Amino acid sequence: MTLPKYAYFQGNIVPYSEAKVGVLTHALNYGTAAFGGLRGYWNEDEQQLYLFRPHDHFKRLLNSARLLCMEFEHTPESLTQVTMDLLRQESYKEDVYIRPLVYKADEIIGVKLHGLTDEISIVALPFGRYVANDTNAHVTFSSWRRIDDNVIPARGKISGAYVNSAFIKTDALRAGFDEALVLTQDGHLSEGSAENVFMIREGVLITPPVTDNVLEGITRRSVLELAVNELGLPVEERHIDRTEVYLCEELFLTGTAAQVTAVTRVNHRDIGAGVMEPYTTRLRELFGKAVRGQLEAYRKWVEPVY
Ligand code: PMP
């Protein structure tokens, strides 16, 4: 991976090599940080880089920060502005991924959340696909359970909680799958290791509710809107049983990194005919256009950098 040239660090844009923390940093030792992940999409025709829903991403980041008892002067607007400045300085003309991080910066011993120094960093780097087989992924059910909201807030993107995602993903990849689905403590479908999950059954688009320990995904929200407005699909947010997944007609994952990833096999069982099916195909096309500012009705989601 090529490293970025710059970073927003301690209130300024500095050369990336100067954005360093010490080994005693609280967040590094205890996972007391939260991160975001948003994409910028290059539109070749317009020679423009579009940020996808930056305000929603930064609002969620600041909510994660609140869960960690952090206090910042920043607003979603000011963080969007900093990101724009950073991207202009990098002068990227390709698809990028932006990684903001809020973290407990003190170099001290002691596990707690309050009375510590909170910092924000942001970096951006070129980025393509995340799930290699994004039109025909083969997934399994993880033997790990998704963290419960009463263990670590699942609706925050809390760094320490991603050890759970890392277990899920590593075991899935080592077993030869592309990704894994993970269940809640009571055995309902929650999400993927870093994606929300949707299925189509009897022509209805179904996804677990935000109370099933899912991250409140911004791609999830976008896909729900596209499905209702553009495809006229009925939508249900409800608990999903494991065996419903084996019987559904279509299955896909959504996320900033994964975008809309079609899942065509689960534990060696074909979903539908075992190929990407029509609704998933349509949603991928619509989402792919919306993020590059190519759908007039969804220009509200994108913000030009240049
Ligand atoms: N669930 C988890 C655990 C994630 O890490 C992500 C990626 N941020 C998602 C779902 C998808 O969220 P979004 O669409 O906002 O990227």
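Atoms within each ligand, like the ligands themselves, are counted from 1 in listed order. What you see is a predicted model; the values in this text were computed from it and never measured. No hydrogens, no waters, no symmetry mates; every other heavy atom, side chains included, goes into these values.
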Query raised in the report: What do you reckon, is CD of Q47 surrounded by more than 12 foreign heavy atoms closer than 6.0 Å?
Result: yes
Query raised in the report: So if you build clusters from Ile, Leu, Val, Met, Phe, Trp, Tyr with side-chain heavy-atom gaps below 4.5 Å, do L101 and Y8 land together?
Result: no
Report task. Pull out every atom of ligand 1 sitting under 4.0 Å from any heavy atom of S193, numbered as shown with elements. Result -> 3 (C)
Requested in this report: For G255, counting its heavy atoms only, list the atoms of ligand 1 lying under 4.0 Å from any of them.
Outcome: 11 (C), 14 (O), 16 (O)
Query raised in the report: Which residue owns the protein heavy atom closest to atom 16 (O) of ligand 1, what's the atom, and how far is it?
Result: T256 OG1, 2.6 Å
Requested in this report: Over 60° means perpendicular and under 30° means parallel, so classify the ring planes of Y246 and F141, tilted if in between.
Outcome: perpendicular
Please tabulate, one pair per line, all N/O donor-acceptor pairs under 3.5 Å involving side-chain atoms of residues 299-306, not counting sequence neighbours.
residue, atom, partner, partner atom, Å
R299, NH1, E46, OE2, 3.4
R299, NH1, Y50, OH, 3.4
R299, NH1, G293, O, 2.6
R299, NH2, Y50, OH, 3.2
K300, NZ, E225, OE2, 2.7
E303, OE2, H55, NE2, 2.9
Y306, OH, Y92, N, 3.0
Y306, OH, Y92, O, 2.7

Query raised in the report: Taking distance alone, with no angle check, do L215 and ligand 1 share an N/O pair under 3.5 Å?
Result: no
Requested in this report: Taking the side chain as every heavy atom from C-beta outward, state whether I158 and L68 have any pair of such atoms under 4.5 Å apart.
Outcome: yes
**Report entry** Transitive ILVMFWY side-chain link F9 to L125, under 4.5 Å
**Finding:** no
**Report entry** NZ (K93) with more than 12 external heavy atoms under 6.0 Å
**Finding:** no
Query raised in the report: Taking both backbone and side-chain atoms of E216, is any N or O found less than 3.5 Å from an N or O belonging to ligand 1?
Result: no
Report task. Would you check whether T219 has a nitrogen or oxygen atom less than 3.5 angstrom from a nitrogen or oxygen atom of ligand 1? Result -> yes
**Report entry** Those atoms of ligand 1 less than 4.0 Å from some heavy atom in I218
**Finding:** 13 (P), 14 (O), 15 (O)
**Report entry** Donor-acceptor side-chain pairing of D186 and T184 below 3.5 angstrom
**Finding:** yes
Query raised in the report: Can you list the atoms of ligand 1 that are under 4.0 Å from a heavy atom of Y162?
Result: 2 (C), 3 (C), 4 (C), 5 (O)
Query raised in the report: In ligand 1, which numbered atoms sit nearer than 4.0 Å to a non-hydrogen atom of E191?
Result: 1 (N), 2 (C), 3 (C), 10 (C)
Query raised in the report: Is Y16 atom OH crowded by more than 12 heavy atoms from other residues, nucleotides or ligands, each under 6.0 Å away?
Result: no
Query - Close N or O approach (K157, ligand 1; < 3.5 Å) - result: yes
Query raised in the report: Of the protein's non-hydrogen atoms, which lies at the shortest distance from atom 12 (O) of ligand 1, and what is that distance?
Result: G217 CA, 3.4 Å
Query raised in the report: Do any nitrogen or oxygen atoms of R60 come within less than 3.5 Å of a nitrogen or oxygen of ligand 1?
Result: yes
Query raised in the report: How close does the nearest protein non-hydrogen atom get to atom 9 (C) of ligand 1, and which residue and atom is it?
Result: A194 O, 3.4 Å
